[in-house]
2 protein chains.
Amino acid sequence: MDRKDIHNSEYPKICEACEARHRGICGALTPDELTKLSRAARQHTVQAGHELMAESEPSGSYANVMSGVVKLSKMLIDGRQQIVGLQFAPDFLGRPFVDENRVSADAASDVELCRFPKAAIDSLIASSADLERRLHQQTLKELDEARDWMVTLGRKTAAEKVASFLYLIATHIDPSIDDSGGSAQFDLPLTRADIAYFLGLTIETVSRQLTRLRTSDIIQITHNRHVVIPVLNRLRDRMG
Amino acid sequence: MDRKDIHNSEYPKICEACEARHRGICGALTPDELTKLSRAARQHTVQAGHELMAESEPSGSYANVMSGVVKLSKMLIDGRQQIVGLQFAPDFLGRPFVDENRVSADAASDVELCRFPKAAIDSLIASSADLERRLHQQTLKELDEARDWMVTLGRKTAAEKVASFLYLIATHIDPSIDDSGGSAQFDLPLTRADIAYFLGLTIETVSRQLTRLRTSDIIQITHNRHVVIPVLNRLRDRMG
DNA sequence: CGGCCGGTTGAATCTCTTCAACGTCCGTGG
DNA sequence: CCACGGACGTTGAAGAGATTCAACCGGCCG
């Protein structure tokens with residue numbers, strides 16, 4: 001159990017500043033394992049709007065999200081679309097055990113990834129119970145988030161949905177959030193269309209509800225994307 | 001890896017007929033482990049409508065669902081309710097790693113459970129990678145189901161939601177389903193109110209949509225609960 | 001400059017909800 | 001035995017909330 005992780009120098013250089021080494025799955029690895037994995041890893045950037053993985057298609061790699069926001073979505077045959085999850089750093093991207101993805105993954109904003117060959121992770125999973133544990137816990141977290149969102153989708157009004165969305169983004173993006181209320185500000189990583197896909201609404205309804213929140217002085221919006229929430233608790237009151 | 005599972009006699013008697021030994025989590029255990037666990041296990045029945053575990057409360061036990069249907073639900077502070085999952089035999093019930101439940105669990109129909117003390121499972125998880133793997137996979141399955149349902153909640157019409165619900169129940173309950181279309185019949189394990197909570201609709205809308213499916217000869221309903229679906233593919237066509 | 005993309009706003013429409021009445025089944029108690 | 005009440009379900013009419021369709025605005029890129 002002694003991982004000798006006192007000396008930073010034992011970690012590969014590219015991992016040193018990486019959040020995934022602390023809160024992400026790489027935290028489950030020994031310096032040795034991490035070193036081996038880092039040799040197979042490749043960091044790169046994907047521009048907003050580009051696809052990372054396609055629904056119902058095998059994917060040859062996993063990845064850690066290092067920065068930016070990834071949207072996971074599903075489509076009905078007639079094209080209706082629903083975003084079923086958002087991933088932020090240092091979330092793990094990809095589906096262990098099966099070849100086929102059940103969702104498609106797209107870069108909502110510009111996204112930095114650290115990609116691994118599927119085989120590298122799969123063999124690590126087989127040998128490291130810690131890693132499997134970490135992945136299991138991320139899956140449980142995603143399940144919790146999915147179920148929370150089901151309540152939003154099934155039971156909340158459009159106004160409550162938009163407020164819930166802004167709160168979700170604020171708590172995941174704004175580094176200065178301390179949970180005790182206060183204020184927040186950030187750039188929306190999603191277009192109005194993406195927000196609508198996430199909330200099960202239309203673009204127009206999202207736009208109208210944002211306008212309502214703005215004219216009620218709950219939020220300020222500049223340049224279409226930059227949002228200021230002076231009093232988070234006033235937003236929470238509108239979340240249902 | 002040799003689990004010596006050729007001779008049935010090596011398994012505890014109460015486990016012999018249990019589905020969880022094959023498709024459920026107990027399939028990950030050696031006969032020895034299973035024997036120890038079975039000593040701590042207690043089978044019992046919970047009547048429809050009774051609560052199994054409360055939201056936001058610690059639960060001292062886990063359980064396998066042996067028969068019947070369990071509904072997992074969440075509530076908003078003002079009482080609005082959403083069912084976020086249904087569990088059938090031989091699903092595992094309970095949340096590893098944390099004390100607090102994130103959902104409440106209620107018996108939708110009469111439910112037979114096989115309960116285990118939390119500590120018994122937790123220590124098995126620590127020592128058996130197979131068990132953790134099995135739990136991880138059940139979690140992944142639940143995540144897939146949750147995301148599928150998010151599409152239904154966010155994007156489908158009331159008519160499509162009800163059709164999707166009937167199809168879900170048919171494929172999970174009717175033992176004669178062979179996936180290749182054909183027909184199905186079963187007793188609905190949920191009341192109209194439960195169906196509404198599951199679909200993000202009102203009771204009245206559910207009732208009206210069931211009537212529409214009935215008058216369109218897609219389904220037959222007798223005694224309010226017994227459903228016959230002569231041609232499953234005709235139902236699928238209405239699922240969106 | 002022109003056209004496109006992302007976003008906002010308005011008016012008409014439609015779907016689902018709300019409120020209310022009614023029907024059936026079933027267990028209980030007079 | 002039958003009357004009563006409650007749980008569950010259906011149906012109708014009116015209303016609210018979200019969608020649809022359309023026009024318009026500003027910024028950006030070729």
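Quick note on labels: first sequence line is chain A, next is B, and so on, each numbered from 1. Predicted model, so just to flag it, every value in this text is computed and none were measured.
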Given side chains that start at C-beta, do those of [X] and [Y] come closer than 4.5 Å, heavy atoms only?
X: A:Val65; Y: A:Leu113; result: yes
X: B:Glu145; Y: B:Leu168; result: no
X: B:Gln220; Y: B:Pro230; result: yes
X: A:Thr222; Y: A:Val228; result: no
X: B:Gln185; Y: B:His226; result: yes

State whether [X] places a side-chain N or O below 4.0 Å from either non-bridging phosphate oxygen (OP1 or OP2) of [N].
X: B:Arg225; N: D:dG9; value: yes
X: A:Thr205; N: D:dT19; value: yes
X: B:Thr202; N: C:dC16; value: no

* Structure fact -> Rounding to the nearest 10°, end axes of the helix from C:dC1-D:dG30 to C:dT15-D:dA16 built from five pairs each make an angle of 20°
* To do: Please confirm whether the backbone N or O of B:Val69 pairs with a side-chain atom of B:Ser109, one donor and one acceptor, at under 3.5 Å?
  => yes
* Would you call A:Arg155 and A:Glu160 a salt bridge, using N to O less than 4.0 angstrom? -> no
* Looking at A:Asp91 and A:Lys141, does any basic side-chain N land under 4.0 Å from a carboxylate oxygen? -> yes
Between [atom2] of [N] and [atom1] of [X], the distance in whole Å:
X: A:His223; N: C:dT8; atom1: NE2; atom2: P; value: 14 Å
X: A:Arg80; N: D:dT20; atom1: CZ; atom2: C1'; value: 15 Å
X: B:His226; N: D:dG9; atom1: NE2; atom2: P; value: 16 Å
X: B:Ile203; N: D:dA7; atom1: CD1; atom2: P; value: 13 Å
X: B:Arg192; N: D:dA7; atom1: CZ; atom2: C1'; value: 13 Å
X: B:Asp194; N: D:dC8; atom1: CG; atom2: P; value: 9 Å
X: A:Leu188; N: C:dT8; atom1: CG; atom2: C1'; value: 15 Å
X: B:Arg214; N: D:dT10; atom1: CZ; atom2: P; value: 7 Å

* Structure fact -> 5'-most contact on DNA chain C (nearest-nucleotide basis), B:Ala158 vs A:Leu210, goes to A:Leu210
Nearest-neighbour nucleotide for the [X] side chain, [options] considered:
X: A:Glu204; options: D:dG9, D:dA18, D:dT20; answer: D:dT20
X: A:Leu201; options: C:dT17, C:dT9, D:dT19; answer: D:dT19
X: B:Asn224; options: D:dT19, D:dG9, C:dT8; answer: D:dG9

* **Check: B:Arg155 side chain, D:dT19 base, donor-acceptor under 3.5 Å** => no
* Asked: Is there a donor and acceptor pair closer than 3.5 Å between the side chain of B:Arg208 and the base of C:dT18?
  -> yes
* Asked: What is the nucleic acid contact for B:Thr191, judged by heavy atoms within less than 4.0 Å: base, sugar-phosphate only, or nothing?
  -> sugar-phosphate
* Would you indicate what A:Gly200 reaches in the nucleic acid, counting non-hydrogen atoms under 4.0 angstrom: base, sugar-phosphate, or nothing? => sugar-phosphate
* Hey, which sits more toward the 5' end of DNA chain D by its nearest nucleotide, B:Leu190 or A:Gln209? => B:Leu190
